[in-house]
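Here is the naming used below: chain letters follow the sequence lines, and residue numbers restart at 1 for every chain.
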Number of protein chains: 2
Amino acid sequence: MRPTVNDIAREAGVSLATVDRVLNARPGVRDKTIRAVNDAIVKLGYVRDLTAANLARSRNYRMAVVLPDTESQFVQSLADALTDAGSIAAAARMDLRLHRFPAEDPHALAALLTGLPGRGYAGVALMAPETPILRDAIRSLRAKGLPVVALVSDLPNTGRDHFIGTDNRAAGRTAGVLMGRFLGPTPAQVLVLGQSLLARDMIERRRGFDEVMLRDFPQLDVLPSLETHGSGQTLRHVVAERLANAPGVRGIYAMGDGHRALTQVIDEMGLSGKLVVICHELTPHVRQALEGGEITAVITQNLGHLARSTLRVLRAKADNLPLDAGQEQIRIEIVLRENLPPIPDSAALSAAEPTDTAA
Amino acid sequence: MRPTVNDIAREAGVSLATVDRVLNARPGVRDKTIRAVNDAIVKLGYVRDLTAANLARSRNYRMAVVLPDTESQFVQSLADALTDAGSIAAAARMDLRLHRFPAEDPHALAALLTGLPGRGYAGVALMAPETPILRDAIRSLRAKGLPVVALVSDLPNTGRDHFIGTDNRAAGRTAGVLMGRFLGPTPAQVLVLGQSLLARDMIERRRGFDEVMLRDFPQLDVLPSLETHGSGQTLRHVVAERLANAPGVRGIYAMGDGHRALTQVIDEMGLSGKLVVICHELTPHVRQALEGGEITAVITQNLGHLARSTLRVLRAKADNLPLDAGQEQIRIEIVLRENLPPIPDSAALSAAEPTDTAA
DNA sequence: GCGTTTTTGAGGTACGCCCCTCATTTTGTA
DNA sequence: TACAAAATGAGGGGCGTACCTCAAAAACGC
């Protein structure tokens, strides 16, 4: 049997009330007594039963997740992953609420954020580009005691409590090595695409990519980035034009989204499988293109993991508890056709339930 | 506020006792009443508070983890990861016990396993090669109601409840593509090492590797596997001899362990960075060799994830609950020097704790 | 309508912990 | 030594659920 608070009290020769005071860091206990209790805790190997503690506290965690209203598959997949994770975490008194803001409107975002406190929220997770007005909004949230967590793209100068996502520079470097090694020693040109060169993650990816290319693969000529501004139309034109005019192009690094348009151009020009194409984020389209051969490799992050990590971090921050750094690290994953993770069947129930609410 | 059993009782116009009977599928309730209660549950959106339920049940989960007593870094890292995960899960009434068995003694293993029931265990996770006697032991465990989970290497013909690990065939394929693409179009020879060609995982890796090599990289000549039988000595000799006599060898695929010896040979022959070396499992040695350039790429699985997954699966099986298939999938990770995950500092406490036991 | 069986209600205790109050003891200080 | 202040003990109510008992009510068969 696991030891309980009562066992500690007996072992330490103090009352339950004192044990409670020590465990919950309440004032009015002599150092000597504190030590006695802690000794008993160590001796008995006591571990507080968190489920019972939370039950007693009747703590619940309403969390806001704020995402841009982009219709991109990535954001959509992220939202899905968060919703999934949230519905499971509901059993642990989590209550996740998704909010969307107009992608290009920092003021609307700020208004949304400042409206959050007072509505019972215990924390906020946020995916957004950094702007001065956002910085202020985040500061004000934190001043009101709400932890703020940056999602996918970091907000380093806002005082956010935590960043959940990959190191984009390292991701860019990884794309670089793959590109370099896959292209081999023959000189070639590499096209780089990104919807906007202002976004922090794009800049960092590009920096990491260039770093490796310059250092390790001098035979490769990396062309200046092409901006697509999120438009499939633009991307198609720009890429088609480049591929037609620069016959030395043997690799494409797509830093942003617009994968569908890219795949189309490649197909139309009959170049599927003949180029090394590396992009980010394993969305359904990208998965298909990997299988089809239009895309060679994908640098991605596990959105399920990211979503669950978000919930754990928000919760830990709300309770002011430490994090398990190893668990919260979002890895940079490399996906090729050969290690494409199978799509888990959502109906993978491995056991029946006595009643349909028990799970 | 989340609805509770009391709310259901009120809504359905029945007593608490009846709600309890319905929720826990106890006998003696009319169909009509059951329906009324279920309607109330749906209407209020009731979700049973699992933590409170488990508390009331005073359910605890003593789980056995059985590993070979190999001194390999991989098994050691796995044991560490499991211990870590176990100590965290202790807060959720988990009680993980590690057992080791003599690696080459199936009888000792079987004896260990058959001794487990009756000692309060609720489940077993096991990493071991499949033998007939093991099959029987597992069947007998399951007959006694203990779920059995295979770790790292699957035990498909034993009726185990679940397998936690990667698809070794796909891992071999992944190693194959990397080898092929990294070596480029120039003809070359590839050395394959494995400690024993009888182990299921080795066979599957080799099969996946060959599959890709034959199909996609005909210019590469994959030499027959060399068996090292887990001896660093043997490995050193064999590899040195081959490298000296076969100047066309430009790639090494190390399917098993013995990475330390391999790194040494490569260093001694001044071949660091000149060969494409691909191996499995990111142990501390391998990490070092990746940074040093002796090893080019590693196919690995996240042991922290694997350990946590093990606990979740054991628990779900013990409670006969469904699994989140997506979460429990162990991915095949590709690690290069550029995306080497940083070692999380174990003292990465992001917040102070009132007492050192509260987490 | 009777007795019998089945269904339902009422209530209690427990799980391990949190959080509060009030009385009592101990400690430190003048 | 007396006194205030600090530390400790004792105890109760609660979180949401599980599981038990016993009595009361309803449904059933004849």
Side-chain angles (χ1 to χ4, degrees), chain A residues 1-37 40-41 44-61 90-95 319-321 354-355 357-359, chain B residues 1-37 40-41 44-61 90-95 319 354-355 357-359:
Chain A
M1 272 286 96
R2 277 176 50 164
T4 73
V5 279
N6 287 289
D7 300 321
I8 299 177
R10 201 177 325 108
E11 177 71 27
V14 300
S15 75
L16 211 58
T18 301
V19 173
D20 177 69
R21 290 184 182 106
V22 174
L23 276 179
N24 296 292
R26 288 185 237 282
V29 188
R30 274 184 305 169
D31 282 0
K32 194 183 147 196
T33 314
I34 294 182
R35 249 175 285 122
V37 172
I41 287 174
L44 297 182
Y46 169 80
V47 181
R48 169 189 283 173
D49 185 331
L50 263 192
T51 64
N54 281 332
L55 175 60
R57 262 190 263 258
S58 71
R59 181 103 170 77
N60 53 357
Y61 304 82
R93 2 182 62 87
M94 265 274 186
D95 177 12
D319 283 343
N320 207 30
L321 289 177
T355 73
T357 58
Chain B
M1 275 283 91
R2 274 175 54 167
T4 73
V5 278
N6 287 289
D7 300 322
I8 300 178
R10 203 177 325 110
E11 177 71 30
V14 300
S15 75
L16 211 59
T18 301
V19 173
D20 177 69
R21 289 184 184 108
V22 174
L23 275 179
N24 296 293
R26 288 185 237 282
V29 188
R30 272 185 305 169
D31 282 1
K32 193 183 149 196
T33 315
I34 294 182
R35 250 176 283 119
V37 171
I41 286 174
L44 297 182
Y46 170 81
V47 180
R48 168 189 283 173
D49 185 329
L50 264 192
T51 66
N54 280 333
L55 175 59
R57 264 189 261 257
S58 73
R59 181 100 171 76
N60 55 353
Y61 304 82
R93 17 190 83 247
M94 264 277 186
D95 177 11
D319 282 344
T355 75
T357 58

Show the distances under 3.5 angstrom between N or O atoms of the protein and N or O atoms of nucleotides 5-8 of chain C.
| from | atom 1 | to | atom 2 | distance (Å) |
| --- | --- | --- | --- | --- |
| C/dT7 | O3' | B/R30 | NE | 3.3 |
| C/dT8 | OP1 | B/R30 | NE | 3.2 |
| C/dT8 | OP1 | B/R30 | NH2 | 3.3 |
| C/dT8 | OP1 | B/T33 | OG1 | 2.1 |
| C/dT8 | OP2 | B/R30 | N | 2.9 |

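The main-chain N or O of A/V5 is never found under 3.5 Å from a side-chain atom of A/R10 such that the two would form a donor-acceptor pair. Between the side chain of A/R48 and the backbone N or O of A/T4, no donor-acceptor pair lies under 3.5 Å. A donor-acceptor pair under 3.5 Å is absent between the side-chain atoms of B/N54 and the main chain of B/T51, judged by distance alone. With hydrogens and angles ignored, the 3.5 Å screen pairs a side-chain donor or acceptor of B/N24 with a backbone N or O of B/D20.
With sequence neighbours left out, A/R30 forms a side chain to side chain contact (heavy atoms under 4.5 Å, CB included) with A/T33. With sequence neighbours excluded, the residues forming a salt bridge (Lys or Arg N to Asp or Glu O under 4.0 Å) with B/R93 are A/D49, listed by chain and number. Under the rule for a salt bridge (Lys or Arg N to Asp or Glu O under 4.0 Å), A/R57 has no partner lying at least two apart in sequence or in another chain. Partners of A/R2 according to the salt bridge (Lys or Arg N to Asp or Glu O under 4.0 Å) rule, which considers only residues two or more places apart in sequence or in another chain, do not exist here.
Between A/D31 atom CG and D/dA7 atom P the separation is 9 Å, expressed in whole Å. Spacing between atom CG of B/L55 and atom C1' of D/dC19 amounts to 14 Å, rounded to whole angstrom units. Residue A/D20 contributes atom CG, which lies 17 Å from atom P of D/dG13 at whole-angstrom precision. Atom-to-atom, CG of A/L16 to P of C/dC17 comes out at 9 Å; the value is rounded to the nearest Å. Going from atom CZ of A/R26 over to atom P of C/dT21 covers 12 Å, rounded to whole Å. Whole-Å rounding puts the A/L50 CG to C/dG16 P distance at 15 Å. Rounded to whole angstrom, the span from the CG atom of A/L23 across to the P atom of C/dG16 amounts to 15 Å. When rounded to the nearest whole Å, the span between CG of B/D49 and C1' of D/dG16 equals 6 Å.
For the helix from C/dG1-D/dC30 to C/dA30-D/dT1, the end axes, each set by the C1' atoms of five terminal pairs, are bent relative to each other by 10° (nearest 10°).
A/A17 comes within 4.0 angstrom of a base, heavy atoms only.
Within the 4.0 Å cut-off from OP1 or OP2 of C/dA14, not a single side-chain nitrogen or oxygen of B/R57 is found.
Cation-pi check for B/R59 over B/Y61 is met; the charged atom lies under 6.0 angstrom from the ring centroid and within 45 degrees of its normal.
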